[in-house]
Amino acid sequence: MQDKKTLILPLLLIAIGTGWLLTTLGIAPGIDWVWTLGLAIAGLLTYVVSGFDKASFVAGTFLVATSAMSVLRQTGRISFDIEIPVLVILLGLLVLIARIPAIPVPKWYVEPPQP
């Protein structure tokens with residue numbers, strides 16, 4: 001079976017091409033696809049590289065949500081004044097959800113010694 005990491009470049013090209021086509025066809029004009037897709041891809045790569053744990057859950061989900069909020073702002077559905085507080089609330093919720101014991105601790109985390 002091929003390495004999953006070899007999927008990154010073709011999927012990136014498909015995503016950028018799709019965004020470009022949507023802009024060219026006037027379906028989603030005025031969206032900065034490099035920024036928006038960069039955020040989404042960084043979020044997804046967090047899961048691919050780190051696996052699923054508390055840190056990747058918060059970081060990856062937040063980056064994907066930030067990408068979605070960026071599209072909403074760039075298409076005029078929400079304003080910047082709404083986007084930022086919603087993202088702050090979301091980050092708080094993600095950190096709170098990450099406390100659930102079912103979500104594993106990152107492998108790189110070392111427990112501090114008990115006094």
Side-chain angles (χ1 to χ4, degrees):
M1 186 169 151
Q2 289 186 344
D3 185 9
K4 291 180 184 178
K5 292 179 184 176
T6 61
L7 289 174
I8 294 170
L9 180 60
L11 292 176
L12 175 63
L13 291 171
I14 291 167
I16 290 172
T18 302
W20 189 354
L21 181 61
L22 290 172
T23 299
T24 302
L25 294 174
I27 296 170
I31 295 176
D32 181 355
W33 288 107
V34 172
W35 169 252
T36 303
L37 291 173
L39 287 170
I41 291 166
L44 295 174
L45 283 177
T46 302
Y47 294 119
V48 171
V49 173
S50 301
F52 183 75
D53 58 36
K54 291 179 184 300
S56 67
F57 168 74
V58 172
T61 306
F62 184 74
L63 287 169
V64 170
T66 301
S67 174
M69 295 294 288
S70 176
V71 169
L72 293 175
R73 179 181 36 79
Q74 292 179 60
T75 56
R77 289 180 174 83
I78 62 170
S79 67
F80 185 74
D81 294 344
I82 301 296
E83 178 184 16
I84 298 304
V86 168
L87 288 172
V88 170
I89 293 166
L90 176 65
L91 184 58
L93 287 171
L94 292 172
V95 171
L96 188 62
I97 293 168
R99 294 175 43 94
I100 294 173
I103 301 175
V105 174
K107 294 175 184 151
W108 49 262
Y109 180 74
V110 178
E111 283 284 329
Q114 297 294 329

Undergrad: Measuring from Met69:CE to Phe80:CZ, what's the distance to the nearest 0.5 Å?
TA: 11.0 Å
Undergrad: Given the rule in the side-chain contact (heavy atoms from CB on, under 4.5 Å) test, do Asp53 and Ile103 qualify, once you have shown the distances and angles that lead to the verdict?
TA: CA-CA 6 Å; Asp53 58 36; Ile103 301 175; 5.5 Å; no
Undergrad: Less than 4.5 Å apart, side chain to side chain, heavy atoms only: is that true for Val86 and Ile78?
TA: no
Undergrad: Check whether Lys54 reaches the backbone of Pro104 with its side chain - one donor and one acceptor, N or O, closer than 3.5 Å.
TA: no
Undergrad: Let me confirm one number: the CG-OG1 distance from Leu90 to Thr61, rounded to the nearest 0.5 Å.
TA: 8.0 Å
Undergrad: Please determine whether residues Leu63 and Ile84 belong to a single hydrophobic cluster, defined as Ile, Leu, Val, Met, Phe, Trp and Tyr linked transitively by side-chain heavy-atom distances below 4.5 Å.
TA: no
Undergrad: Measuring from atom CZ of Phe62 to atom OG of Ser67, what distance do you get when rounded to the nearest 0.5 angstrom?
TA: 12.0 Å
Undergrad: Would you name the heavy atoms of Leu91 and Val58 that are closest together and state the gap between them?
TA: CD1-CG1, 3.9 Å
Undergrad: Could you tell me which non-hydrogen atom of Phe52 sits nearest to which non-hydrogen atom of Ser56, and how far apart they are?
TA: CA-OG, 3.5 Å
Undergrad: Same cluster for Tyr109 and Tyr47 if Ile/Leu/Val/Met/Phe/Trp/Tyr side chains link at under 4.5 Å?
TA: no
Undergrad: Is there a path of hydrophobic side-chain contacts, each under 4.5 Å between heavy atoms of I, L, V, M, F, W or Y residues, that connects Leu93 with Ile100?
TA: no
Undergrad: Checking Ser70 side chain against Thr66 main chain: does a donor-acceptor pair fall under 3.5 Å?
TA: no
Undergrad: I'd like to know whether Gln74 forms a side-chain contact (heavy atoms from CB on, under 4.5 Å) with Thr36, so could you lay out the CA-CA distance, the side-chain angles of the two residues, the decisive distance to 0.1 Å, and finally the verdict.
TA: CA-CA 10 Å; Gln74 292 179 60; Thr36 303; 3.1 Å; yes
Undergrad: Please round to the nearest 0.5 Å and tell me the distance separating atom OG1 of Thr18 and atom CG of Leu13.
TA: 10.5 Å
Undergrad: When you measure from the side chain of Trp33 to the backbone of Ile16, do you find a donor-acceptor pair of N or O atoms at a distance under 3.5 Å?
TA: no
Undergrad: Decide yes or no on side-chain contact (heavy atoms from CB on, under 4.5 Å) for Thr75 and Ile31, but give the supporting numbers first.
TA: CA-CA 7 Å; Thr75 56; Ile31 295 176; 3.5 Å; yes
Undergrad: Out of curiosity, Ile14 CD1 to Leu21 CG, how far, rounded to the nearest 0.5 Å?
TA: 13.0 Å
Undergrad: Check for me, please, whether Leu22 and Leu37 land in the same ILVMFWY cluster - side-chain distances under 4.5 Å, paths through other members count.
TA: yes
Undergrad: May I ask whether Val88 and Ile82 are part of the same hydrophobic cluster, defined by side-chain heavy atoms of I, L, V, M, F, W, Y residues being less than 4.5 angstrom apart, directly or through others?
TA: no
Undergrad: With sequence neighbours excluded, give me every side chain to side chain donor-acceptor pair (under 3.5 Å) pair touching residues 83-99.
TA: Arg73-Glu83
